[in-house]
Amino acid sequence: MVNAVGHIVDRTPSGEVLSRAQSRAALVPDCMVEARRIANTVISGWHGRRRRGIGENFWQFRPYSDGESLSRIDWRRSARDDHTYVRDREWEAAHTIWLWADLSPSMMYKSRFGTVSKESRALVLMLALAEILARSGERIGCPGVMEPVSARNAAERLATALTHSDLSAGLPATGMIRGWSDLVLIGDFLDPAPAIMDRLGPLGRRGMRGHVIEVADPAEETFPYAGRTEFTDPETGEKLTAGRAEILAEDYRRAYFARRESLGEGLRHMGWTFIPHRTDHLASEALVSVHMHLSGMPGRATHGGQL
């Protein structure tokens, strides 16, 4: 007897591109509604992406550093004590943030332990982040899908563009990304860590800031299989039947977490952010975490239930 722990959702033969596109188009509106709900929840307790830069509004006083222009010193504030202070203004120029989600076949997986498929969670995170950033006046783009736009309805534009696009071919092409910007990548990143780093390394060397959200189904971490179990590769369709799956559990978990640790270490070494996220946890956890990193305020989200 074959155990049924998980399944591939919306499975479509690889040749039926139109059918897959129609399935994706039907999924995106629901994800947009969920994304907006989560974005509203996060924004209600958030104060926006504030940082020092060129602008008219006062932000903060901070100690003067050697080499800075004397014209920036606030002499009135400095006269109150023995320190010299600079008056910082708030950054008002729009920043470009590129968002991308892996929608390849492996992302279609959902076990009975996860609340949604990995694909659905990735879309919700992508659109919710676009919603929050658009409200902050940032320029939002998606490599190969949508050029950066600065508009309140940028998330809706992105959702519409996704219904006519195919993001199932692995990591995106990034030749169109110019200048100082951020890139947020959302996917399961199950390829070997060295192969992923070979693709992402050149981006870091170009000075691009990156943030990687690894979306995982609970079953992928815990390996809850026992007895005779049939495994199917969602990318190739190849099958493997294990007579006693439980004897594979320890080796599997060791390899799975070693891959994650290697990827995380490589990303952190190049100055990027790495955020593992499970589909049985709050979507807002990953959203808050990456938003804090984009804001220049690194932090950790706590694990919880579902949203």
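Cys142 approaches Leu99 most closely through the heavy-atom pair SG-O, 3.2 Å. The nearest pair of heavy atoms linking Arg199 to Leu171 is NH2-O, 3.3 Å. Of all non-hydrogen atoms in Met126 and Ala101, the two that sit nearest each other are SD-CB, 3.7 Å. For Phe189 against Glu214, the heavy-atom pair with the smallest separation is CD1-CA, 4.1 Å. Looking at every heavy atom in both residues, Leu190 comes nearest to Arg259 through O-CD, 3.9 Å.
The structure places CG of Leu287 at 12.0 Å from CE of Met292, a figure rounded to the nearest 0.5 Å. With values rounded to the nearest 0.5 angstrom, His95 atom NE2 is found 12.5 Å from Ser150 atom OG. Note that OG of Ser106 and CD of Glu220 are 7.5 Å apart. Values are rounded to the nearest 0.5 Å. Here the CG-CD1 distance, from Leu125 to Ile38, works out to 7.0 Å after rounding to the nearest 0.5 Å. Note: Asp102 CG to Ile213 CD1 = 13.0 Å, rounded to the nearest 0.5 Å.
Aromatic rings from Phe223 and Tyr256 are positioned such that their centres are separated by 6.0 Å or more.
With hydrogens and angles left out, the side-chain atoms of His293 and Arg209 include no donor and acceptor closer than 3.5 Å. Side-chain contact check for Thr115 and Asp280: no donor-acceptor pair (N or O, by modelled atom type) lies under 3.5 Å.
The local environment of CZ in Arg244 is sparse, with at most 12 non-hydrogen atoms from other residues, nucleotides or ligands closer than 6.0 Å. With a 6.0 Å radius and a threshold of 12 heavy atoms from other residues, nucleotides or ligands, Glu235 has its CD atom above the threshold.
With respect to the salt-bridge test (charged N to carboxylate O, under 4.0 angstrom), the residues Glu221 and Arg260 qualify. Salt-bridge formation is not detected for the pair Lys118/Asp217: no Lys NZ or Arg NE/NH1/NH2 atom is positioned less than 4.0 Å from an Asp or Glu carboxylate oxygen. Comment: Glu265 does not engage Arg268 in a salt bridge, judged by the lack of any side-chain N to carboxylate O separation of less than 4.0 angstrom.
Residues forming a side-chain contact (heavy atoms from CB on, under 4.5 Å) with Ala258 (at least two apart in sequence, or on another chain): none. In this structure, the side-chain contact (heavy atoms from CB on, under 4.5 Å) partners of Asn153, at least two apart in sequence or on a different chain, are Ala151, Glu156, Arg157.
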